[in-house]
2 protein chains.
Amino acid sequence: MLQIAGSHNDSKAPGSKQTLWSDFTYRRDNEIFGEAEPADYVYRITSGAVRTFKLLPDGRRQIGALHLPGDIFGIESGDFYRFTAEAIGETRVRIAKQERLFGGDLEASGFSSKELLRLIAGSLERAESHVLLLGRQSAPERVAAFLMEMDRRLRSPKILVLPMRRRDIADYLGLSHETVTRCFSTFRDRGVLGYPDISRREIVLHDRARLAQLAMGRTST
Amino acid sequence: MLQIAGSHNDSKAPGSKQTLWSDFTYRRDNEIFGEAEPADYVYRITSGAVRTFKLLPDGRRQIGALHLPGDIFGIESGDFYRFTAEAIGETRVRIAKQERLFGGDLEASGFSSKELLRLIAGSLERAESHVLLLGRQSAPERVAAFLMEMDRRLRSPKILVLPMRRRDIADYLGLSHETVTRCFSTFRDRGVLGYPDISRREIVLHDRARLAQLAMGRTST
DNA sequence: CGTGGACTTGAAATCCATCAACACAAGTGG
DNA sequence: CCACTTGTGTTGATGGATTTCAAGTCCACG
């Protein structure tokens, strides 16, 4: 299952100390890096989407984050990746070498100390929200919160095009894919969302205020 | 509900630039700091235990972390606390002023940049494990994992004295307190643990290997 | 003693996962 | 182009895990 993927466009201004970068393309469901591998690169998504996840011995999967174009992933303060990363669909990324960020020369990687701290602190905040979601919210609340998040991150487009499958959403929300489907159907039946096309990945949010209510309270009808 | 608590022992070597610190004592269930308050101090527990948590509007509570003697809590890279902190039982803490760590003079607080990064990265790692626990593990697995964690953090004593109530454990694990109780009872019936005393807070782990199995697999009998 | 809080246990109800079947689209190879 | 397969999504039926509701016990503490 070796990874031989896409173009490789090194760019380095001659004679100047500039960040090296390369572009890569990964095909659907291909691994970008594996848990416990040396964390040599940071990634920025040009197009497509990426899931980072952990597996339990028996195959249960928990997705820690879903990354969209513009997002950075693979940042580590330690020496190894703590998640596996896979391309969800055809995905282009730009990679830059990260020197050992933690304990090494912080400036060498092109990240300032404050920048690195900001990125890690952002991950922490998202993980803490995720804990609240998984620990104390019902299935419909989780799905509503997920849709709000995607809507926000994709800049509230008229048509929300989800790049991931139901299974990915389920493993991000700690649910079964059938439950995710059922919540979508319920929201559709209540007029909160609609499918403008045959594709079930394309969604129109008819009532964002109602969706926000659904994300917060058990008492919504 | 104002907080007027305990002794206040400022210490400053005269003429030298030394970290200011004070000791405080909080009584059972008293708030140490509230969510969204300015993050002016960091805390280190001398004795007792502390829970940090978030509340949903309808009162559901998710405990993000349980802090034991020696632990530091209240570290923030931003300007405000993101959790509420309460003393679980009678608790002594030592506090130090944290200058605005993020964007300010990193060194002013007595924390080096690397030290701060290490602390935040540690929080991130714990939050990510917590996500896996809440998203993909069953109730018995969560309780077993909790007991393993407490056993490790309290240095595997003969008698494990839990400082928190069942409800705190439940809100940390995303379960009801009755479910936590039932898991404890099941483990006791199977000989994995025992109560050496009348107090249900004091636990003896008879079979740590078995407990580790229970924490990892659905297939344990 | 009496009261209240923490813990336990049982019974019932609820939510969600699992199992199963089907629809539909997108390949794939003849 | 068609037959076949595969993957994805949907929906229904069922069962199980966990919550909720309801007692009841045992301390701790006034």
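Heavy-atom basis, side chains included; hydrogens, waters and symmetry copies ignored. Residue numbers start from 1 in every chain, and the chains themselves are labelled A, B, ... in the order their sequence lines are given, proteins ahead of strands.
- One can place CG of B:D29 at 12 Å from C1' of C:dA6, the figure rounded to the nearest angstrom.
- Nucleic acid contact class of B:R201 (heavy atoms, under 4.0 Å, all strands): sugar-phosphate only.
- One atom, CZ of B:R60, and another, P of D:dT20, lie 9 Å apart when rounded to the nearest Å.
- As rounded to whole Å, 12 Å separates atom P of C:dT9 from atom CZ of B:F184.
- A salt bridge is absent between A:R182 and A:D189; no separation between the charged side-chain nitrogens and carboxylate oxygens falls under 4.0 Å.
- Atom-to-atom, CG of B:L175 to C1' of D:dT20 comes out at 14 Å; the value is rounded to the nearest Å.
- Nucleic acid contact class of B:R188 (heavy atoms, under 4.0 Å, all strands): sugar-phosphate only.
- In this pair, B:F33 and B:Y81 present their aromatic rings parallel. The plane angle is below 30°, not in the 30 to 60° band.
- The side chain of A:R28 contributes no N or O atom lying less than 4.0 Å from OP1 or OP2 of C:dG27.
- Within the 4.0 angstrom heavy-atom criterion, no nucleotide atom of any strand lies near A:R142.
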_Set out, in order, the CA-CA distance, both residues' side-chain angles and the distance that settles side chain to side chain contact (heavy atoms under 4.5 Å, CB included) for A:R165 and A:I88, then state yes or no._
CA-CA 8 Å; A:R165 342 194 217 304; A:I88 291 176; 4.3 Å; yes

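- Side-chain nitrogen and oxygen atoms of B:R166 include at least one within less than 4.0 Å of the OP1 or OP2 phosphate oxygen of C:dT8.
- Between A:Y43 and A:F73, the ring-plane angle classifies as parallel under the 30° and 60° cut-offs.
- When the nucleotides D:dT18, D:dT8, C:dA17 are ranked by their closest atom to the side chain of A:S176, C:dA17 comes out on top.
- Each end of the helix from C:dC1-D:dG30 to C:dG30-D:dC1 gets its own axis, taken as the rotation carrying the C1' atoms of four end pairs onto the next four within a five-pair window, and the two axes meet at 30° to the nearest 10 degrees.
- Checked by distance alone, B:R200 brings no side-chain donor or acceptor within 3.5 Å of a matching partner on the base of C:dT9.
- In terms of the side chain to side chain donor-acceptor pair (under 3.5 Å) criterion, residue partners of A:T179 (sequence neighbours excluded) are, by chain and number, A:S176.
- If you take CD of A:E202 and C1' of D:dT8, they are 15 Å apart, rounded to a whole angstrom.
- Evaluation of the side chain to side chain donor-acceptor pair (under 3.5 Å) rule for A:R82 yields A:E76, B:E128 as partners, not counting sequence neighbours.
- B:S199 comes within 4.0 angstrom of no nucleic acid atom, judged by non-hydrogen atoms across all strands.
- Annotation: A:R167, atom CZ; neighbour count of heavy atoms from other residues, nucleotides and ligands within 6.0 Å does not exceed 12.
- For D:dG12, its base sits under 3.5 Å from the side chain of A:R182 at one donor and acceptor pair at least.
- Contact check, B:S138 against D:dA17: no side-chain N or O comes under 4.0 Å of OP1 or OP2.
- The base of C:dT8 lies outside donor-acceptor range of the side chain of B:R165, with no N or O pair under 3.5 Å.
- The CD1-P distance, from B:I169 to C:dT8, rounds to 9 Å in whole Å.
- Distances shorter than 4.0 Å separate some side-chain N or O of A:T179 from OP1 or OP2 on C:dA17.
- Nearest-nucleotide assignment on DNA chain C puts the 5′-proximal partner with A:A139, out of A:A139 and A:H177.
- Taking atom CD on B:E178 and atom P on D:dA23, their separation rounds to 14 Å, with Å as the unit.
- Of the side-chain N and O atoms in A:Y195, one or more sit less than 4.0 angstrom from OP1 or OP2 of D:dT10.
- Protein atom CG of A:D168 is 15 Å distant from nucleotide atom P of D:dG7, rounded to whole Å.
- When every heavy atom of B:P196 is checked against every heavy atom of B:V204, the shortest pair comes out as CG-CG2, 3.5 Å.
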